[in-house]
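Quick one: structure below, then a few questions.
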Amino acid sequence: MDFYKRAAEVCRRIPWGTVATYGQIALLCGFPKNARQVGFALGRRLSGPDIPAHRVVNSKGYLSGAASFDTPDLQKLLLEKEGVRVDAERTVDLKRYGWKNSFEDALELQYFFDRQRI
DNA sequence: GTCGCGGCCCTTA
DNA sequence: CTAAGGGCCGCGA
């Protein structure tokens, strides 16, 4: 099981204009308790270049990883470019922009991981 | 609704 | 080997 590859794949599947939480990603990876490692993976860019890491926020909707981007406001800007409103506190409204993944999304991912042996 | 604490598990020193 | 800390989370008060 390669947690980081899984995290990258999940991240890649976050729909445009929505955000996901660290815990949500960890869960979809099949590692419910590894939310913190998601942050580490993205921060260290172990996940790869074409990964929309800006769509990942903490469970409160706060852009806790903003400091790890090239410029402090980059994450906010990228999100706003997708139509996601970010307030002055660097927080997004999860009710509105949170990715509500379906059960089928989760199933499909597990299947994908199996096929890819990751 | 808020706040705090303990648990989590990987990485770095 | 131990220890500390991190882009976190859920629960209980």
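All chains are named by letter (A, B, ...) in the order of the sequence lines, taking the proteins before the strands, and each is independently numbered beginning at 1.
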Nearest-0.5 Å distance that lies between atom NZ in A/Lys100 and atom OG1 in A/Thr18: 8.0 Å
A/Lys33 NZ to B/dC9 P, straight-line distance once rounded to whole Å: 5 Å
Phosphate-side-chain proximity, A/Tyr4 and B/dT11, N/O vs OP1/OP2 below 4.0 Å: yes
Presence of A/Ser59 side-chain N/O under 4.0 Å of C/dC9 phosphate oxygens OP1/OP2: yes
A/Lys5 and A/Glu9 ion-paired at < 4.0 Å: no
Between B/dC8 (C1') and A/Phe3 (CZ): distance, integer Å: 12 Å
Between C/dG6 (C1') and A/Asn34 (CG): distance, integer Å: 13 Å
Selected nucleotide, minimal atom distance to A/Ala35 side chain, candidates B/dC10, C/dC9, C/dG7: C/dC9
Nearest-Å distance for atom pair CD/P, residues A/Glu89 and C/dG7: 20 Å
Value in whole Å for how far the C1' atom of B/dG1 lies from CG of A/Leu94: 16 Å
A/Phe40, nearest nucleotide to its side chain (from B/dC9, B/dT12, C/dC9): B/dT12
Rounded distance in Å - CG (A/Leu27) to C1' (C/dG10): 13 Å
Separation of A/Leu28 CG from A/Arg6 CZ (nearest 0.5 Å): 11.0 Å
Identity of whatever pairs with B/dG4 - Watson-Crick or G-U, under 3.5 angstrom: C/dC11
Value in whole Å for how far the P atom of B/dC8 lies from OH of A/Tyr22: 22 Å
Atom-to-atom span, CG of A/Leu42 to C1' of B/dC10 - whole angstrom: 14 Å
From NZ (A/Lys76) to CG (A/Asp87), nearest 0.5 Å: 8.0 Å
Name of the residue among A/Phe3, A/Tyr22, A/Phe113, A/Tyr4 meeting ring pair (Phe, Tyr, Trp, His ring centres under 6.0 Å) with A/Phe31: A/Phe3
Any A/Ser64 side-chain N or O less than 4.0 Å from OP1/OP2 of C/dC8: yes
Candidates C/dG7, C/dC9, B/dC10 - which lies nearest the side chain of A/Val56: C/dG7
